[in-house]
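Remarks on the structure that follows.
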There are 2 protein chains.
Amino acid sequence: MPRPSAPAAGPRRARRTTTDEIVRRVTAAITEHRLPPGTKLGEESLGEAFGVSRTKVREALFQLAQLRLVTLLPARGAFVAQPTVREAREVFAARRILERAVVAEFARAPAAAQLAAVRAHVAAEREAVAANDLWARSRLLGEFHVLVAQLAGNAVVADLLRELVSRTSLITLLYQTASASVCSAEEHAELVRCFERRDAKRAVALMLEHLEHVERSLALRADEPAAVDLRSALAAAKA
Amino acid sequence: MPRPSAPAAGPRRARRTTTDEIVRRVTAAITEHRLPPGTKLGEESLGEAFGVSRTKVREALFQLAQLRLVTLLPARGAFVAQPTVREAREVFAARRILERAVVAEFARAPAAAQLAAVRAHVAAEREAVAANDLWARSRLLGEFHVLVAQLAGNAVVADLLRELVSRTSLITLLYQTASASVCSAEEHAELVRCFERRDAKRAVALMLEHLEHVERSLALRADEPAAVDLRSALAAAKA
DNA sequence: GTCGGACAGATCGTATACAATTCCGCGCGA
DNA sequence: TCGCGCGGAATTGTATACGATCTGTCCGAC
């Protein structure tokens with residue numbers, strides 16, 4: 001009897017909605033800086049919040065742990081991750097590696113429709129900045145990088161980058177300095193202009209500069225976890 | 001009341017053993033080509049095999065799905081993934097991007113102990129090849145790339161690469177030609193010699209060549225899933 | 001003879017229940 | 001006053017139970 005050779009992983013692929021929905025919403029909450037690093041994510045609390053039971057919450061937390069957005073402590077629960085300085089630097093290094101290649105590829109031959117898409121995205125970024133919508137701003141600034149990767153035509157790389165971008169959001173929140181707030185939207189806009197000119201070389205340079213700019217704007221000096229967070233938490237009090 | 005700032009994600013980090021153990025063992029089974037693509041992974045069967053209950057198996061399957069080693073069909077079950085040709089090409093492209101950078105970094109200034117480690121690894125590869133131990137061979141050939149990434153000092157990149165290497169194992173099995181069997185161990189050995197000479201440029205060239213060599217040895221011609229598998233399954237009969 | 005619908009079996013999805021571990025506050029003693 | 005040990009409450013870890021969905025087969029109709 002020959003093996004069934006799997007039921008053709010065809011059209012229907014979307015999971016119900018619930019588990020991935022929880023992952024999506026918690027991810028959004030973390031990357032949009034609504035859930036600060038170190039926040040405890042109790043299973044019962046989350047279940048109550050989403051109207052589902054612990055079983056489902058647990059699965060979502062496991063997935064989030066694999067994305068490195070939450071840390072699971074064996075019998076103590078789930079917490080929003082607190083990337084170390086070392087990890088932060090490594091994430092930026094990884095992004096430089098991937099995005100250099102992505103930008104070079106995309107700038108080589110962007111289709112008109114693709115250029116329109118990135119232009120529209122930058123417009124949305126500017127809108128969020130103008131409206132002072134911090135949540136949308138965080139989300140859009142990150143999604144820009146994922147969008148470019150998708151348009152570059154490699155979904156695998158785009159997925160890897162999505163993960164790294166999420167982690168970057170966490171890092172940004174943890175280590176941002178008071179004066180930080182890089183105006184990334186304009187840097188994105190300049191990048192888009194390079195795309196329009198098919199200027200791959202300059203696009204790559206700009207992207208690397210952009211990432212280094214973001215990294216340098218952070219306080220990545222301490223060597224261990226984040227005593228920073230404790231202090232700021234003590235100073236700023238209530239979340 | 002200031003937030004507890006998380007219970008110091010300190011020393012103890014290892015998860016119990018069970019869930020990750022299942023993930024590890026199934027991953028090994030897949031990457032060592034003991035579980036062919038398309039194999040159904042029933043929850044009850046796996047639970048029985050590992051002596052745990054479905055709850056735990058499900059968590060493991062979810063993690064494996066995120067690693068893209070298994071495909072979850074909504075109400076039908078889990079199957080060993082069958083990467084498409086497109087996905088296969090994208091995985092190789094992603095690996096070229098990452099490994100080019102990894103090799104360049106590592107070849108720049110490898111420590112003596114690190115060189116010893118990679119030499120030892122290649123020796124183990126040769127041993128497995130000589131002993132005709134196909135399982136160990138598959139594992140070691142993949143782990144070489146992860147090892148180099150780890151030694152290059154970026155754990156984040158190493159983790160990304162580990163995932164890609166696992167997926168490559170699956171791809172290799174799915175699309176290998178009868179005459180395939182690239183003798184990667186010798187290519188690894190030559191790479192190590194470049195490391196010893198700190199010849200970064202040639203090391204990068206060799207690595208890219210090596211990856212392209214592996215990719216070209218596969219039958220990545222068809223555009224859709226793998227009718228190949230069906231035929232071979234019908235021909236070869238029993239697993 | 002082939003196609004369409006319905007039933008039965010099996011498997012997955014979700015919730016609930018119980019056991020194990022941890023955390024927190026209290027009391028005791030030095 | 002501080003350290004240490006000890007319950008009680010809360011939370012996590014695991015298993016089981018029940019409902020929903022799908023697969024495969026059988027039967028009847030065209």
Side-chain angles (χ1 to χ4, degrees), chain A residues 1-26 35 38-66 69-81 230, chain B residues 1-26 35 38-66 69-81 230:
Chain A
M1 182 171 82
R3 204 178 320 112
S5 186
R12 96 255 257 191
R13 48 166 53 174
R15 308 204 62 259
R16 251 299 186 12
T17 34
T18 29
T19 290
D20 278 355
E21 183 68 13
I22 298 176
V23 171
R24 223 186 45 75
R25 287 178 61 177
V26 174
L35 286 175
T39 303
K40 163 124 196 206
L41 301 174
E43 297 180 356
E44 194 129 20
S45 325
L46 278 179
E48 208 166 313
F50 286 109
V52 298
S53 210
R54 282 180 48 212
T55 308
K56 219 159 230 297
V57 172
R58 279 180 71 83
E59 283 178 358
L61 288 176
F62 269 90
Q63 288 194 37
L64 288 165
Q66 257 188 319
L69 291 180
V70 313
T71 303
L72 260 38
L73 285 313
R76 303 181 50 190
F79 302 83
V80 178
L230 191 140
Chain B
M1 180 170 83
R3 201 180 322 113
S5 186
R12 98 256 258 190
R13 46 169 52 177
R15 308 205 61 259
R16 247 306 184 4
T17 33
T18 30
T19 291
D20 277 356
E21 183 68 12
I22 297 175
V23 172
R24 221 184 47 74
R25 287 177 61 177
V26 175
L35 287 175
T39 304
K40 163 122 195 209
L41 302 172
E43 298 180 354
E44 195 128 18
S45 324
L46 277 179
E48 208 166 315
F50 286 109
V52 298
S53 209
R54 281 180 50 212
T55 309
K56 219 158 231 296
V57 172
R58 279 180 70 82
E59 285 177 356
L61 288 176
F62 270 90
Q63 288 193 38
L64 289 165
Q66 256 188 318
L69 291 180
V70 313
T71 304
L72 260 39
L73 285 313
R76 303 182 49 192
F79 302 83
V80 177
L230 191 138

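A note on names: the letters A, B, ... follow the listed sequences, proteins ahead of strands, and every chain is numbered from 1.
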Between CD of E43(A) and P of dA10(D) the distance, given in whole Å, is 16 Å
Item to complete: Using the side chain to side chain contact (heavy atoms under 4.5 Å, CB included) rule, take L35(B) and L41(B) through it: C-alpha gap first, then chi angles, then the decisive distance, then the call.
Response: CA-CA 10 Å; L35(B) 287 175; L41(B) 302 172; 4.2 Å; yes
In whole angstroms, the gap separating P of dC23(C) from NZ of K40(A) amounts to 9 Å
Atom CG of L41(A) and atom P of dT11(D) are separated, to the nearest Å, by 14 Å
Between CG of D20(A) and P of dT14(C) the distance, given in whole Å, is 11 Å
From the candidates dT11(C), dC22(D), dA15(D), the one with an atom nearest any side-chain atom of V52(B) is dA15(D)
Among the nucleotides dC12(C), dT21(C), dT23(D), whichever has the atom closest to the side chain of R76(B) is dT23(D)
Separation of dT11(C) atom P from R54(B) atom CZ, nearest Å, is 10 Å
Correct closest heavy-atom pair for Q66(A) and Q63(B) would be OE1-CA, 3.4 Å
Open item on the list: Please determine whether a side-chain nitrogen of the Lys or Arg among E59(B) and K56(B) lies less than 4.0 Å from a carboxylate oxygen of the Asp or Glu.
Closed with: no
Looking only at heavy atoms, the pair that brings L46(B) and V57(B) closest together is CB-CG1, 3.7 Å
Check: protein-nucleotides 5-7 of chain C nitrogen or oxygen pairs below 3.5 Å:
none

Assign each of E44(B) and T55(B) the nucleotide of DNA chain C bearing its closest heavy atom; nearer the 5' end lies the nucleotide of E44(B)
Rounded to whole Å, the CG-P distance (L72(B) to dT14(C)) equals 12 Å
Between CG of L73(B) and P of dT23(D) the distance, given in whole Å, is 9 Å
On DNA chain C, more 5' by nearest nucleotide between G51(A) and G42(B) is G42(B)
